[in-house]
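Sequence lines set the chain letters: A, B, ... in the order given, protein chains first and strands last, and positions in each chain run from 1.
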2 protein chains.
Amino acid sequence: MPHPTADPPAAQKSAYHHGDLRRALLDAAEIELTESGVERFSLRGVAKRAGVSHGAPAHHFGDAGGLLTALAARGYARFIAAQDAREKAAADDPRAKLAASGLGYLDFAAANPALFRLMFASDRPDKSDPVLSAAADAAFEKLVRHIEAVSGRTPHTDKSAMSDVLAAWGVAHGLADLMIAGRLGRATFLDAMGDDARDRLFAEIILRAVPERSDGAP
Amino acid sequence: MPHPTADPPAAQKSAYHHGDLRRALLDAAEIELTESGVERFSLRGVAKRAGVSHGAPAHHFGDAGGLLTALAARGYARFIAAQDAREKAAADDPRAKLAASGLGYLDFAAANPALFRLMFASDRPDKSDPVLSAAADAAFEKLVRHIEAVSGRTPHTDKSAMSDVLAAWGVAHGLADLMIAGRLGRATFLDAMGDDARDRLFAEIILRAVPERSDGAP
DNA sequence: GAATAATCTAGACAGTGTCTAAATTGGCGT
DNA sequence: ACGCCAATTTAGACACTGTCTAGATTATTC
C-alpha cells in the first residue's frame with residue numbers, strides 16, 4: 001500500500017485507478033510531440049499513449065493548450081540544462097562561456113526540434129502563464145548575465161550591452177531555427193565537418209555578435 | 001461575356017460557375033493564415049471565404065498541404081521583393097546593400113508573420129515541391145550574391161565566405177523569428193526607439209556577422 | 001464507516017481533412 | 001448548331017479531432 005503522493009519509485013503506471021498522471025501525460029505528450037510535431041499534435045493521441053480515456057487530461061491541464069503550456073515550461077528547464085552542460089566544459093573565460101552557452105542552445109534545438117518550436121514559435125502555449133513566463137525569463141536572464149560578464153555592463157540599463165544581447169540571441173536562435181528546418185546542411189560544408197569542427201565554427205560565428213571593445217565609451 | 005481565362009479585370013467572383021479559383025483560393029488562404037495562424041489554419045474555412053464548397057480546393061491543390069505549399073512559394077516572391085525594396089533605397093556599397101537586404105528580411109517577417117512561419121518553420125508545405133524549392137533557392141542565392149560582393153569570394157567554394165553566409169542568415173533570421181514571437185520589445189529598448197533608430201541598430205547588428213577583413217588569407 | 005471531494009470514463013456535439021459519386025459547365029469537333 | 005468529352009464544382013460520407021456533460025469510481029476526511 002504505497003503512498004498516493006510523493007512516492008517516486010512507486011509511480012508505476014500499473015497502479016489501480018490513479019497513478020501520477022500529469023507526469024505520465026507530460027511524458028506521453030512529449031513523445032507525441034516529437035513524433036507528430038506541433039502541427040499534428042493530438043490530445044487524444046496523448047491520452048491513448050498514457051493508456052487513459054480521452055477526457056482524462058482535462059482535469060489536469062484544462063485543455064490542449066494547458067498541456068502544451070506545461071510541456072513548454074518543462075522544456076525550458078532542459079533548455080537551460082543543455083546550456084549549463086556546455087558551459088561547464090568550457091574554458092574559464094567570459095567569452096568562452098558565452099559561446100558555450102550558445103552551443104548548448106543549438107544542442108537543445110537539435111535534440112528536441114519539436115519542443116523547441118513549441119517553446120519559441122507556437123501560439124498554442126499560453127505565454128501569460130506564470131510558470132511558463134518565469135521559465136522563459138530565467139533563460140533570458142541567463143543570457144543577460146553572460147553579456148554582463150563579457151562587457152562589464154548590465155543590459156538592463158546599458159544600451160550597447162542590450163544590443164549585444166539582441167545580437168547574441170539573434171544568431172544563436174537563428175542558427176538553431178534554420179538548422180532544425182533543415183536549411184543548413186545542403187548548401188554548406190556542415191555535413192562534411194566533424195562535430196568539433198562544427199562546434200568551433202558555430203562558436204566563432206556566435207562570438208562575432210558581441211565584438212570585443214577596447215575603449216570604455218558607448 | 002468575358003473571356004474565361006486571362007482576363008484580369010473580369011476575374012470577378014460573381015461569375016457563373018467558374019472564376020479563376022486557385023488565385024481566389026490562394027488569396028483566401030492567405031487571409032485565413034494571417035487571421036488564424038498556421039496552427040489553426042482550416043481548409044474548409046478557406047473554401048468558405050472563397051464562397052465555394054469545401055471540396056473545391058482539392059482539384060486545384062490536391063490536399064491542404066498542396067495549398068500551403070503553393071502559398072509558401074508565392075510568399076517567397078514577396079519576400080524577395082521586400083528585400084529588393086530596401087536594397088534599392090540603400091547606399092551603393094556592398095555592405096550597405098547587405099544590411100538593407102537584412103532589413104527587408106525583417107520587414108517581411110513583421111508584415112507577414114504567419115506566412116513567414118509557414119515558409120520557415122512549418123512541416124506542412126512540401127519542401128520537395130519544385131516550385132517551392134526553386135523559390136527558396138532564389139532567396140538563398142540572393143544572400144550568396146551579397147556575400148560575394150562583400151567578401152570578393154564565392155561561398156560555393158570558399159569556406160570563410162560560406163561562414164559569412166551562415167552568420168548573416170543566422171542573425172537576420174533569428175531576429176525576425178524572435179521579433180514575430182514577441183520576445184524582442186519588452187526586455188529591450190526597442191519600443192522606445194523610432195523606426196529609423198531601430199533600423200540603424202538592426203543594420204549594425206547584422207553587419208557584425210560579416211566582419212571586414214583586412215588581409216586576403218582565409 | 002459514511003460523506004465528501006477528487007479523479008477518471010463514456011457519450012455527445014460541432015468541426016476538421018479527405019474520399020467518392022453525382023451534377024454542372026465550357027470547349028471541341030463535326 | 002448540336003452532342004460529346006473533359007474539366008470543374010457540389011454534396012454526402014467517413015474517421016478523426018477538441019471540448020462539454022453526466023455519471024461512475026476511487027481517495028480522503030471527519
Would you please name every residue forming a salt bridge (Lys or Arg N to Asp or Glu O under 4.0 Å) with A/Glu35, sequence neighbours left out?
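Applying salt bridge (Lys or Arg N to Asp or Glu O under 4.0 Å) to A/Glu35 gives A/Arg49.
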How would you list, by chain and number, every residue that makes a salt bridge (Lys or Arg N to Asp or Glu O under 4.0 Å) with A/Glu141, sequence neighbours excluded?
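Result, salt bridge (Lys or Arg N to Asp or Glu O under 4.0 Å) vs A/Glu141: none returned.
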For [X] and [N], what is the distance between atoms [atom1] and [atom2] respectively, to the nearest whole Å?
X	N	atom1	atom2	answer
A/Leu67	D/dG18	CG	P	10 Å
A/Phe61	C/dC8	CZ	C1'	14 Å
A/Leu25	D/dG18	CG	P	13 Å
B/Asp20	D/dT9	CG	P	10 Å
B/Arg22	D/dT9	CZ	P	12 Å

Intermediate values then yes/no, ring pair (Phe, Tyr, Trp, His ring centres under 6.0 Å), A/Tyr105 and A/Phe202:
CA-CA 11 Å; A/Tyr105 203 112; A/Phe202 282 149; over 10 Å; no
Under 4.0 Å between a side-chain N or O of B/His59 and OP1 or OP2 of D/dT9?
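False: B/His59 side-chain N/O out of range (4.0 Å or more) of D/dT9 OP1/OP2.
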For D/dT9 and B/His60 - does any side-chain N or O of the residue sit under 4.0 Å from the phosphate oxygens OP1/OP2?
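Yes, such a contact exists.
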Determine, for nucleotides 11-18 of chain C in 5'-to-3' order, which nucleotides have protein heavy atoms under 4.0 Å from the base (write B), from only the sugar-phosphate (write S), or from neither (write -).
BB---SBB
Taking the side chain as every heavy atom from C-beta outward, state whether A/Leu201 and B/Ser163 have any pair of such atoms under 4.5 Å apart.
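A/Leu201 reaches B/Ser163 side chain to side chain.
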Is the CZ atom of B/Arg23 crowded by more than 12 outside heavy atoms at less than 6.0 Å?
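For B/Arg23, atom CZ is not crowded (no more than 12 foreign heavy atoms under 6.0 Å).
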What are the two closest non-hydrogen atoms of A/Arg208 and B/Ala167, and how far apart are they?
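Answer, listing the atom of A/Arg208 first, then B/Ala167: NH1-CB, 3.5 Å.
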